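Before any comments, here is the structure.
Only heavy atoms go into these numbers, but all of them, side chains included; no hydrogens, no water, no symmetry mates. FYI, the numbering just counts along the sequence from 1. All values reported here derive from a predicted model rather than from experimental measurement.
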Amino acid sequence: GRIISPNNMNVPGLIPVLHKFLNKPENQNGKVLSFILGRRHAVRKFKVGLNVDVKTQTSNGYKIHVRKENSFQEGIVVTTLPKEELQKGLDKVLGRTSLKQYQPIH
C-alpha cells in the first residue's frame, strides 16, 4: 500500500501510524491499496491523542476522519477490507481497544 498526501501538512503523528498499519503482515497481500489524505483543518480543541475513525463507505473503500488536539483531516482508504476489520486494525496500531456495540435491553 501507499500513502498519498497533497502536502506535508498532515495531522501530527498520522503518517507513522499509517506506515505501521500498512507494514503489518496481514495487510501485505493487497487488501489495503492506499491512503489518500486531504487537507488538514483547524478545529476546536479535541481530546489529547490521535484518533482515526472509519466512516462512510465509498465506491472503492472508506472515508476516514483523523483528529488530534486542534487538527482534523479527512481521507479515503482504498481497500477490500470490511469496515469493522479496518477499524480494528487501525485501533490496534493506535494502541486502543475498539468499543463494543451494545444491544439495548427491552
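- Contact of the Leu86 side chain with the Phe21 side chain is registered, since non-hydrogen atoms from C-beta on lie closer than 4.5 Å.
- Contact annotation: the side chain of Lys63 approaches that of Glu74 to within less than 4.5 Å [non-hydrogen atoms, C-beta and beyond].
- Taken from CG in Leu50 to CD in Glu69, the straight-line distance is 10.0 Å, to the nearest 0.5 Å.
- Arg40 is not listed as a side-chain neighbour of Phe72, based on a closest heavy-atom distance of 4.5 Å or more.
- Note: the hydrophobic cluster containing Leu22 also contains Val54 (ILVMFWY, side chain heavy atoms under 4.5 Å, direct or indirect links).
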- Evaluate the side-chain contact (heavy atoms from CB on, under 4.5 Å) criterion for residues Asn51 and Lys68: first the C-alpha distance (whole Å), next the side-chain angles of each, then the deciding distance (0.1 Å), finally the verdict. CA-CA 6 Å; Asn51 190 32; Lys68 183 176 182 182; over 6 Å; no
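- Annotation: side chain of Arg67 is not in contact with side chain of Val11 (no heavy-atom distance under 4.5 Å).
- Contact annotation: the side chain of Lys92 approaches that of Lys24 to within less than 4.5 Å [non-hydrogen atoms, C-beta and beyond].
- No side-chain heavy atom of Ile64 sits less than 4.5 Å from a side-chain heavy atom of Lys55.
- Considering every non-hydrogen atom in both Val52 and Gln87, the closest pair reads O-NE2, 3.0 Å.
- Residues Tyr62 and Leu94 are members of one and the same hydrophobic cluster, defined by side-chain heavy-atom contacts under 4.5 angstrom among Ile, Leu, Val, Met, Phe, Trp and Tyr.
- Here the side chain of Thr79 pairs a donor or acceptor atom with the backbone of Leu81 at under 3.5 angstrom.
- The shortest side-chain heavy-atom distance between Leu37 and Ile15 falls under the 4.5 Å cut-off.
- The shortest distance between side-chain heavy atoms of Val78 and Val32 does not fall below 4.5 Å.
- Connection of Ile76 to Phe35 is not established within any shared hydrophobic cluster, with ILVMFWY side chains joined at heavy-atom distances below 4.5 Å, either directly or through further cluster members.
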